[in-house]
There are 2 protein chains.
Amino acid sequence: MAGSPEKRRQRASGSVPKAVISRLSLYLREIQLWERDGKETISSTQLGKLLGFTDAQVRKDFAYFGQFGYPGIGYRCTELTAAIRGILGTDRPWLVALVGCGNLVQALMGYRGFADRSFQIVAAFDSDPAKIGQTLAGRRIEPLASFREVASKLDIRMVLLAVPATVAQEVVDGLVASGVTGILNFAPVTLSLPRTVQVIGVDLAIELEQLAYAVEQSRS
Amino acid sequence: MAGSPEKRRQRASGSVPKAVISRLSLYLREIQLWERDGKETISSTQLGKLLGFTDAQVRKDFAYFGQFGYPGIGYRCTELTAAIRGILGTDRPWLVALVGCGNLVQALMGYRGFADRSFQIVAAFDSDPAKIGQTLAGRRIEPLASFREVASKLDIRMVLLAVPATVAQEVVDGLVASGVTGILNFAPVTLSLPRTVQVIGVDLAIELEQLAYAVEQSRS
DNA sequence: CTGTGTGAAATACTTCACAGCA
DNA sequence: TGCTGTGAAGTATTTCACACAG
């Protein structure tokens, strides 16, 4: 049925399961590869099979946000990717600052063209005097003490945090006071923050533990 | 009540919610920091507050695996961490190989002592002739072609995969044929694998998308 | 036919609330 | 009193199954 354009993206916001959102990113990644093979449409069954989900799950997930499909056809890739990007908010650019410019961040900068340019690195900070003045991701590394000033000038709201665990909370308190509302945290600690600030943590040790458990279980 | 020792770790295995397992790793990380402050016991309320969970959730999570607590006291940190490690399988060492030795893996090697030594890097592989012979994580980088031989000699079952997305599936097919049963995948693609092989994917772009969505939602 | 969208049914997971131990 | 362990109740999420569209 595919709904008229104005019917789409109704954003029943309050009630979207969190798990749906995490699948949305996977769908997006998969459809982009599918398109790269020259295919114009994809069905819920095909998309589900690629990711190990049921077709019903795929349809239900999209249904939270409107009607994107065409009965008998499936979903048009270009429409669907645009819709998903709109939902996630990655149809507009996000300005990101790097805080803590060690090896990890340096390595990540080369990685997957930084999410198709939705995320733009506009500044880099470190508190190590030896690093200040060096270049990372095309930006001069600034002293952390100047974060507030630079962030408010550039209107930075999102930060990639990769400082040592021992100082992460104290650094983050300063970031929040400077207006940051989103943090991707690579330090292996839980940050305590006001509810207005969103955090996603990435911890290699945790991922490995989860993998160990999964491997152990599967031998039964 | 704390159950007699032989009552513990009954592992009602089949029915443990997946979400419980992911919290177990968080509990472990938190309790270890708590212990480092010299505290010997922790209550479900205290642990929950640190992570933003309810006390009931914490108790229920542990209850899936037995009785670890002492009414009126809480949980003894050393006992609880040992129990969680036992459940996750990280009380024994895991031999891990690095496949793809680019910047990312090099950076990760310095990170959080590689999970308290449960995970030991025992070999490193790359298909780039320029990298072969170099040293990473104390190991000589070997040609990928020799993976099968080395892996079966050392009995390697777990791999940290960080090769370009375009070759990830083909590389992984070789790894699986060589007996690998657990893969931590840094390539931004979904791997297709037999059900006997476990994968956990880590994709920076996906984490950033999830963060963008969370930030956007919280402004309402 | 193929394939979407969606109520209704089935699961899965979380929170409540309280008995009982130290 | 302080805190665990746990059935029962309440929510959330997934799967089913089918009406309907191209």
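Numbers restart at 1 for each chain; the letters A, B, ... are given by sequence-line order, proteins then strands.
For the pair A:Lys49 NZ and C:dG3 C1', the computed distance is 13 Å after rounding to whole Å. Regarding B:Phe68, its CZ atom lies at a distance of 11 Å from the P atom of D:dT6, rounded to whole Å. A straight line from CG of B:Asp55 to P of D:dT4 spans 8 Å, rounded to a whole angstrom. A:Phe62 places its CZ atom 12 Å from the C1' atom of C:dT4, with the value rounded to the nearest Å. If you measure from atom CD of B:Gln46 to atom P of D:dC3, you get 7 Å, rounded to the nearest angstrom. As a whole-Å value, the separation of A:Tyr64 OH from C:dT4 P is 17 Å. The distance from atom OH of A:Tyr27 to atom P of C:dT4 is 12 Å, rounded to the nearest whole Å. The NZ atom of B:Lys18 sits 9 Å away from the P atom of C:dC13 (whole-angstrom rounding).
In the set C:dA17, D:dT4, C:dG5, D:dT4 carries the atom at the smallest distance from any side-chain atom of B:Ser43. Among D:dG5, C:dT15, C:dT6, the nucleotide with an atom closest to any side-chain atom of B:Ala56 is C:dT15. Taking every side-chain heavy atom of B:Arg59 into account, D:dG5 is the closest of D:dT15, C:dT6, D:dG5.
A:Arg29 and B:Thr190 share a side-chain donor-acceptor pair at under 3.5 Å. In this model, no donor atom of one side chain and acceptor atom of the other lie less than 3.5 Å apart for B:Arg85 and B:Thr90. Judged purely by distance below 3.5 Å, without hydrogens or angles, the side chains of B:Ser25 and A:Glu209 pair a donor atom with an acceptor atom.
Using a 4.0 Å heavy-atom distance criterion, A:Thr45 is classed as making no nucleic acid contact. Here A:Lys60 lies in heavy-atom contact (under 4.0 Å) with a base. Among the protein residues, A:Tyr75 comes within range of the sugar-phosphate backbone only, with heavy atoms under 4.0 Å from sugar or phosphate atoms but none that close to a base.
Here A:Ser44 does not reach the OP1 or OP2 of C:dG3: none of its side-chain N or O atoms lies under 4.0 Å away. Phosphate proximity of C:dG5 to A:Gln67: absent, as no side-chain N or O sits under 4.0 Å from OP1 or OP2. A sub-4.0 Å separation between OP1 or OP2 of D:dT13 and a side-chain N or O of A:Gln57 is absent.
Mapping A:Ile73 and A:Ala19 onto DNA chain D via the closest heavy atom, the residue that lands nearer the 5' end is A:Ala19.
For NZ of B:Lys39, the number of neighbouring non-hydrogen atoms (other residues, nucleotides, ligands) closer than 6.0 Å is greater than 12.
Salt bridge status for A:Asp155 with A:Arg157: present, with a side-chain N to carboxylate O gap under 4.0 Å.
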